[in-house]
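In this text the structure is predicted, and so the values were computed from the model without any measurement.
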Amino acid sequence: DQQVKQNSPSLSVQEGRISILNCDYTNSMFDYFLWYKKYPAEGPTFLISISSIKDKNEDGRFTVFLNKSAKHLSLHIVPSQPGDSAVYFCAASVDFGNEKLTFGTGTRLTIIP
Amino acid sequence: DVKVTQSSRYLVKRTGEKVFLECVQDMDHENMFWYRQDPGLGLRLIYFSYDVKMKEKGDIPEGYSVSREKKERFSLILESASTNQTSMYLCASVLSGGSYNEQFFGPGTRLTVL
């Protein structure tokens, strides 16, 4: 049972435009969410996170939006750059401070120059 | 910077072999994790450990065991490798009770079982 789902396995975006990656979850106990970025042959690296008490968190070109009622979060990258081409995983945890994460299936983002 | 290292980047083994994957972190993290990454399935948790000699099953522990004899080292063991264990294996660590849940990952081991 996939509790965290990324329904788009791949996404292509023109350089300079906005990339929007989506993630849905089913477990209403999740209250902390993270996005990771993974290049080929490397481990995932943390990108940005959001607590359930917020609906938006911004860090430079990256913004994560959380809609608790819809059990949906999204990652916006503006403007998209070629170096953003990677696989993006969303992850969720129950209780802030609970170190166990449940990951989504990933979305491969390709930025077209 | 936190560093998580894995003993091998690429490994090729034969069916039935016993396989050891080693992971070492240098930041005194209490919690360590083993995942496997497969296309279309994302990262799935195999085992995790909250302390030395402590271990808990993740979502897909069948066919695997782990060992944590020292705080910095967490080993994943495939008792008798099978072809369906061909995958990318990722180790991660995180500080216990930290202000956030960010896990730090190693570079991964690409295991092929023939």
Side-chain angles (χ1 to χ4, degrees), chain A residues 1-10 21-27 29-54 57 59 62 64 86-108, chain B residues 1-6 8-10 21 23-25 27 29-51 54-61 74 88-111:
Chain A
D1 178 31
Q2 193 77 34
Q3 296 186 68
V4 180
K5 299 178 184 179
Q6 294 174 253
N7 292 318
S8 298
S10 63
L21 292 87
N22 294 302
C23 180
D24 297 295
Y25 61 96
T26 57
N27 188 344
M29 298 299 291
F30 287 145
D31 69 355
Y32 194 72
F33 304 89
L34 306 89
W35 283 94
Y36 281 79
K37 176 179 177 179
K38 186 181 185 299
Y39 292 119
E42 294 183 16
T45 54
F46 170 75
L47 194 56
I48 193 169
S49 63
I50 188 167
S51 165
S52 61
I53 62 174
K54 295 184 175 181
N57 188 28
D59 183 3
F62 303 92
V64 56
V87 177
Y88 290 78
F89 293 99
C90 64
S93 73
V94 174
D95 297 331
F96 184 73
N98 184 323
E99 296 84 3
K100 184 182 171 188
L101 298 177
T102 300
F103 282 84
T105 50
T107 296
R108 180 178 301 279
Chain B
D1 277 352
V2 174
K3 193 165 183 182
V4 180
T5 56
Q6 295 182 229
S8 304
R9 296 300 300 271
Y10 300 93
L21 302 182
C23 175
V24 177
Q25 50 93 5
M27 284 302 290
H29 286 172
E30 291 86 358
N31 304 293
M32 297 187 75
F33 304 81
W34 274 106
Y35 296 89
R36 59 179 285 176
Q37 180 197 354
D38 299 289
L41 297 175
L43 273 68
R44 294 180 292 165
L45 181 63
I46 304 171
Y47 266 97
F48 60 105
S49 170
Y50 286 127
D51 203 348
M54 304 292 287
K55 61 184 179 184
E56 289 196 31
K57 293 180 180 179
D59 301 317
I60 50 163
F74 191 34
M88 169 69 84
Y89 289 88
L90 293 159
C91 174
S93 73
V94 65
L95 191 64
S96 179
S99 59
Y100 50 86
N101 301 7
E102 178 189 342
Q103 292 186 11
F104 294 88
F105 283 84
T109 296
R110 170 74 64 186
L111 173 67

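- Neither the backbone nor the side chain of B:E56 comes within contact range of chain A; no heavy atoms are under 4.5 Å apart.
- Atom-to-atom distance recorded for A:F103:CZ and B:D59:CG is 11.5 Å, nearest 0.5 angstrom.
- Looking at B:R9, only its side chain comes within 4.5 Å of chain A, counting heavy atoms on both sides.
- Considering only residues two or more places apart in sequence or on other chains, A:F62 meets the ring-ring contact (aromatic ring centres under 6.0 Å, His included) condition with none of them.
- Scored by the ring-ring contact (aromatic ring centres under 6.0 Å, His included) test, B:F48 finds B:F33, B:Y50 as partners (sequence neighbours excluded).
- Taking the ring centroids of A:F46 and B:F105, they lie at or beyond the 6.0 Å cut-off.
- Contacts between B:L45 and chain A at a heavy-atom distance below 4.5 Å involve the side chain alone, from C-beta outward.
- Contact annotation for A:A91: neither backbone nor side-chain heavy atoms come within less than 4.5 Å of a heavy atom of chain B.
- Remark: A:R108 CZ is loosely packed, at most 12 non-hydrogen atoms of other residues, nucleotides or ligands lying under 6.0 Å away.
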Evaluation steps, side-chain contact (heavy atoms from CB on, under 4.5 Å), between A:E42 and B:L90: CA-CA 9 Å; A:E42 294 183 16; B:L90 293 159; over 6 Å; no

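- Here A:I48 contributes atom CD1 and B:E102 contributes atom CD; the two are 12.0 Å apart, rounded to the nearest 0.5 Å.
- Residue contact with chain B, scored on non-hydrogen atoms closer than 4.5 Å, involves the backbone and the side chain of A:P44 alike.
- Looking at every heavy atom in both residues, A:Y36 comes nearest to B:Q103 through OH-N, 2.7 Å.
- Rounded to the nearest 0.5 angstrom, A:K38 NZ and B:L43 CG are separated by 8.0 Å.
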